[in-house]
Structure formats: C-alpha cells, structure tokens
2 protein chains.
Amino acid sequence: MKQSSLCPLVEKGIQVLSKRWTVLIVHQLLSGPQRFCTIETAIPISGRLLSERLKDLEQEGIVHREVYPETPVRIVYSLTDKGLALAPVIREMENWSREWVKIDPDEHETL
Amino acid sequence: MKQSSLCPLVEKGIQVLSKRWTVLIVHQLLSGPQRFCTIETAIPISGRLLSERLKDLEQEGIVHREVYPETPVRIVYSLTDKGLALAPVIREMENWSREWVKIDPDEHETL
DNA sequence: TAAGTTAATTACTTTTCGTAACAAAGTTTA
DNA sequence: TAAACTTTGTTACGAAAAGTAATTAACTTA
C-alpha cells in the first residue's frame, strides 16, 4: 500500500462507491423508499450481503432505516440527502452503460 | 443469486464500475496516458492487483496497452473512447465526494 | 560478471463473498 | 396449546478475491 496524491475526499468517495453492491442498492432506492425483501428481489444479492451493505450505507449516512414494529416487523429503507445526491452519478453510469456496454453472449446468466 | 428486473446493460455497466480499483485507475488515466509504475505510484494499489485490473480493463475495451520494447521495457496505458466516455461519471463522483464525503478522524492512513 | 531497470507472475496469508441453515418475535392455523 | 408462517437478520463454512513479498525475463550499465 502506498499513499496517493489524489484528493482524500475524492479517493474516499470513490472507494465507498466502488464497494460491491453499493451502487446497485442506491440505484434501486432511487425508485423510492422500500423494504428489505423488495430490494432483495430486485437485485441479485444474497440476504446476508444486503444486510451487511445496508448497515454500511446507514453508517455512511447514505441510507436511512425506519422500523415499523408490526407483525411481522416491517423495515423501510430510504435515501438520505447524501444518498439522493448520488442521482447524477448513477444517471451518468446509466448513460455510459447504454451507450458503451455490450453483453458478451458467452456470459449468459440463466434468466 | 436471483435475477434482476433492471436493464441488463445498466446492471453489467454498474458491476464493471463497482469492481475494486477500476474507477480509481480510470480516474488516474483521465489525466493522460501513462505507464505502469506511474499509476502504481499514484494509487494505493499493489502491482499484482494493478496488473490484473489493467488486464481486465483492456479486456473490457476501456484501456489500451502499448508496448515500447526499449530497455527496460516501457508500457504505456491509455483510455479508449469507451474509457474516455467515463469522464462524466467520474466528474459526478468528484462533485459528490467534495460536497458530501467527510473524513472520519479515526481512519487516518499514515500519510 | 554482477547489479540495476520495468512489467508481470508466483506463492502464501488474510479478507470478503456466496450459500444455506437457523433465530427472534409475534400471528394465524390446526 | 402447539405447530406453522412471516420478515429481518445472524451464524457457520467453503470459495473467491485481495494484500504482501519474493521472483522472473530481458536487456543495459558498471
């Protein structure tokens, strides 16, 4: 590990966004507040990792967690202002993906 | 693993960009074509991983690799058009980082 | 001949990921 | 009353990826 001459804020920001599943989860939450099982269904992530990532994102102040003590318990996740501010990042990722990404026919995921 | 209702191009694009070190390497190459050791010095990544990632990025058509058979050998990496097209993504990441990211005083890397 | 250079690889340890089984807490069903 | 079901989250464990350090190839210079 070496040091970097890059702006520390930018470096940390990029590292946060480079963590696996983080951007896909934020992308999903941009469609509105939703509960655990909804996110789990929308993204090919396991419950174990989703739980871990949501905890990380709450820690980072990107996601808000609200508990409704019904039965069974209902927990709704939503984006904070910091999370909502990621909308432009994700919009540009979508633009780039649609213009440049090609699906390699050899890497079918059995849909 | 479950399937996703998300656009497959966007999902794949986000997955590519979410791979560790990828965005930082592209960010670094946006400042111009440069050789292996320059990137290695600018980013806190090990040579082993940098070599692996550059191979991935060349495979994805994001990075171009040019060999100058001098002594010792000089190899210059640069962004392709597909790689250059990531500039808006990275610009928005920088904007977000500078506005929202705070450095936790407990996580000093000994500079 | 020995030492030095850059890009990359190999060997090995540590961390993270993916899968599946299980737990808590309360409601409904039998 | 007990068994079964719900959602969210945890635990256990094998597999994959990352981090560290030593080594290689190919050629030059001392």
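Just so you know, these numbers come straight off a predicted model, no measurement behind them. Numbers restart at 1 for each chain; the letters A, B, ... are given by sequence-line order, proteins then strands.
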A/Trp21 side chain near C/dT16 phosphate (N/O to OP1/OP2, under 4.0 Å): no
Most 5' of A/Arg53 and B/Arg74 on DNA chain C, judged by nearest nucleotide: B/Arg74
Toward the 5' end of DNA chain D, by each residue's nearest nucleotide, B/Pro72 or A/Cys37: A/Cys37
Sub-4.5 Å side-chain heavy-atom contact between B/Trp96 and A/Leu17: yes
Interatomic distance, A/Glu40 CD vs D/dT10 P [rounded to whole Å]: 13 Å
A/Glu92 side chain to B/Met93 backbone, donor-acceptor under 3.5 Å: no
Spacing between B/Ile45 atom CD1 and C/dA8 atom C1', to the nearest angstrom: 13 Å
Closest to the A/Leu49 side chain, choosing from C/dG18, C/dA7, C/dA8: C/dG18
Between A/Glu11 and B/His27: side-chain donor-acceptor atoms closer than 3.5 Å: no
Smallest separation among heavy atoms of B/Arg53 and B/Arg20, with atom names: NE-O, 2.8 Å
Distance in angstrom units between A/Arg65 CZ and D/dT7 P, rounded: 16 Å
Protein-nucleotide distance (B/Glu52, atom CD; D/dA18, atom P), rounded to Å: 6 Å
Sugar-phosphate, base or nothing in reach of A/Lys19, heavy atoms under 4.0 Å: nothing
B/Arg20 side chain near C/dT16 phosphate (N/O to OP1/OP2, under 4.0 Å): no
Spacing of B/Phe36 atom CZ relative to D/dT24 atom P, expressed in whole Å: 18 Å
OP1 or OP2 of D/dG9 under 4.0 Å from side-chain N/O of A/Tyr77: yes
Under 4.0 angstrom between A/Lys55 side-chain N/O and D/dT10 OP1 or OP2: yes
Exercise: identify the closest heavy-atom pair between B/Ala85 and A/Trp100: CB-NE1, 3.1 Å
B/Ile75 CD1 - D/dA26 C1' separation (whole Å): 12 Å
Sugar-phosphate only, base, or nothing, as touched by B/Tyr68 at under 4.0 Å among non-hydrogen atoms: nothing
Under-4.0 Å side-chain N/O to phosphate OP1/OP2 contact, B/Arg48 with C/dA11: no
d(CD, A/Glu70; P, D/dT7) in whole Å: 12 Å
Below 4.0 Å: OP1/OP2 of C/dA20 and any side-chain N or O of A/Ser46: no
Interatomic distance where CG belongs to B/Leu54 and C1' belongs to C/dA7 [whole Å]: 11 Å
